[in-house]
Amino acid sequence: MRNTYFCFLLVFSMFGLGTDTAHAQSAKKYSILIKGGHLIDPKNNIDGLNDVAIQDGKIALVAKNIEDKLAAQVVDATGLYVTPGLIDVHAHVFFGTEPDHYLSNGTVAVYPDPITLRSGVTTVVDAGGAGWKSFPTFKKNIIDNAVTRVLSFMNIVGEGMRGGEYEQTLDDMDAKKSAEVALQNKEYVVGFKLAHYKDADWTPVKRIVEAGTLAKMPVMIDFGGDTSHAPLSIEELFSKYLRPGDIYTHVFTELPVRDPIVDLKTRKLRPFVPEAQKRGIVFDVGFGGGSFNFGQALPAIKAGFYPDLLGTDLHSQSVLGAMKDQVNVMSIFLAMNMPLSKVVKAVTSEPAKVIQREELGNLSVGSVADVALLNLRSGKFGFKDIAGNRVESTKRLECEMTIRAGKVVYDLNARVSNLNKNQ
Ligand SMILES: [Zn+2]
């Protein structure tokens with residue numbers, strides 16, 4: 001009898017303790033408070049010290065001083081920049097193990113999370129990996145599994161970016177079918193991609209713009225080319241074919257099969273380029289493994305031309321080359337004297353606008369709590385282009401923490417631990 005009574009008391013007190021702890025947690029107004037950081041939120045014109053409170057996976061409050069005791073977890077962001085979760089508008093994440101499938105369910109693509117979340121990226125747009133035929137596999141294998149939000153510029157080629165002859169097949173570039181499947185998957189498809197077409201023929205461009213017009217979505221153009229003919233004119237592309245809001249990627253490439261934005265003889269920015277940008281043509285870096293040259297970027301930036309988007313062109317080769325990751329690409333543009341506020345805008349609110357997902361890329365109250373904490377380190381750093389040219393800088397951005405939908409998914413220096421929980 002005595003033993004039973006003792007056990008009852010023990011169970012009761014354990015139950016009571018559990019309830020008190022749970023109560024203390026739920027009594028907190030915020031799950032996470034990011035404290036003392038320098039907030040850059042271009043959409044809301046915020047560039048200064050601010051605290052950010054998160055609750056239920058959403059931004060709950062942005063203010064100069066939010067009390068520690070209101071939050072279950074306080075993240076000390078002193079000395080760090082706090083930005084909306086970064087949006088990489090040009091990535092290749094349709095990873096798979098099919099042989100010879102290149103960037104469409106193949107091994108040249110990468111699974112996003114281990115790279116994106118470590119570099120502050122919470123949203124990626126896969127640039128043409130899937131076409132309308134392969135989109136269901138892409139959704140099932142990647143979109144539905146990744147912690148990173150994965151969106152798609154659907155390839156105008158039905159088979160997607162399988163490489164070789166697949167991308168040269170005009171018969172598989174079906175504007176109507178592409179638009180139809182894009183509209184059926186509007187939650188994930190945000191535009192269309194054309195890539196690597198070799199012939200001097202405008203038909204693929206016409207097809208993709210037709211798909212974009214039918215679905216009311218932007219298109220992204222990656223010109224192909226071939227040494228057997230002169231490259232297609234980008235001036236003609238911008239003035240005759242693309243609509244405001246359409247994207248030209250690999251803007252700083254200097255390949256012999258591409259028409260460059262900076263004249264190769266005078267090293268001056270060609271005047272029709274900033275004019276096209278003024279008319280609404282969008283310029284993406286798309287750094288990749290072979291598409292970024294200082295010989296193009298430095299004169300362009302010196303002339304006041306900044307890219308609208310800092311897409312990485314992430315794939316299994318570019319991550320090991322000069323590109324590395326999103327924060328490295330941002331650091332390269334800082335090294336070329338692009339202001340930090342413009343660099344952050346080109347990976348947050350601007351891509352959100354271009355892909356017509358303006359609920360993303362900002363820290364407005366009520367927005368999803370996708371947040372990046374970035375450390376602008378001082379030291380001696382070097383950056384390469386794809387030709388091996390080097391630029392030095394005293395600054396490098398490093399990702400310190402990534403929060404996705406209110407959960408800490410990457411934490412470089414263990415800023416969040418059980419010891420600093422407010423209970
Ligand atoms: Zn690409």
Side-chain angles (χ1 to χ4, degrees), residues 86-96 101-112 115-116 119 121 123-131 134-135 138 142 148 150-157 159-164 166-168 173 189-198 204-205 208 218-225 231 234 237 246-255 257-258 261 282-293 296-297 307-326 328-329 332 346-347 351 354-355 385-386:
L86 310 180
I87 301 174
D88 183 354
V89 82
H90 188 151
H92 294 285
V93 296
F94 189 3
F95 172 76
H101 266 238
Y102 190 40
L103 295 165
S104 185
N105 206 15
T107 54
V108 183
V110 290
Y111 189 75
I115 300 165
T116 52
S119 51
V121 173
T123 299
V124 282
V125 188
D126 180 82
S134 48
F135 185 80
F138 180 49
I142 310 294
T148 311
V150 178
L151 304 172
S152 165
F153 284 129
M154 184 184 278
N155 206 307
I156 189 65
V157 177
E159 289 282 342
M161 206 175 276
R162 283 186 63 176
Y166 286 100
E167 294 172 76
Q168 312 304 321
M173 297 184 190
V189 179
V190 295
F192 300 95
K193 172 87 187 282
L194 169 67
H196 313 146
Y197 191 73
K198 286 182 187 160
V205 172
I208 195 174
V219 305
M220 179 184 263
I221 306 291
D222 165 6
F223 259 159
I234 53 169
L237 175 72
D246 286 338
I247 307 156
Y248 180 66
T249 189
H250 305 313
V251 59
F252 299 119
T253 192
E254 194 172 304
L255 293 171
V257 295
R258 305 280 175 88
I261 64 159
V282 178
F283 292 90
D284 172 45
V285 173
F287 196 118
S291 303
F292 176 85
N293 295 73
Q296 292 287 305
D308 301 282
L309 309 171
L310 299 187
T312 62
D313 196 2
L314 177 76
H315 52 68
S316 63
Q317 291 151 8
S318 63
V319 290
L320 297 173
M323 190 286 285
K324 296 176 181 65
D325 62 16
Q326 184 71 82
N328 189 64
V329 172
I332 289 174
V347 287
V354 170
I355 61 172
D385 69 5
I386 58 97

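For ligands, and for the atoms within them, numbers begin at 1 and follow the listed sequence. Atom set for the values below is all heavy atoms of this structure, side chains included, hydrogens, waters and symmetry mates excluded.
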Rounded to 10°, how big is the angle at the Zn ion (ligand 1) from H90 NE2 to D313 OD1?
-> 90°
Please name all residues satisfying salt bridge (Lys or Arg N to Asp or Glu O under 4.0 Å) with D222, sequence neighbours left out, ordered by chain then number.
-> R258
Contact check: D222 to the Zn ion (ligand 1), N/O/S below 2.8 Å = no
Checking only N/O/S atoms, does H92 have one that is under 2.8 Å from the Zn ion (ligand 1)?
-> yes
Main-chain N/O of F287 paired with D313 side-chain donor or acceptor, under 3.5 Å = no
Value for CZ (R162) from NE2 (H196), rounded to nearest 0.5 Å, stands at 15.5 Å
Who pairs with F138 by ring pair (Phe, Tyr, Trp, His ring centres under 6.0 Å), at least two apart in sequence or on another chain?
-> F94
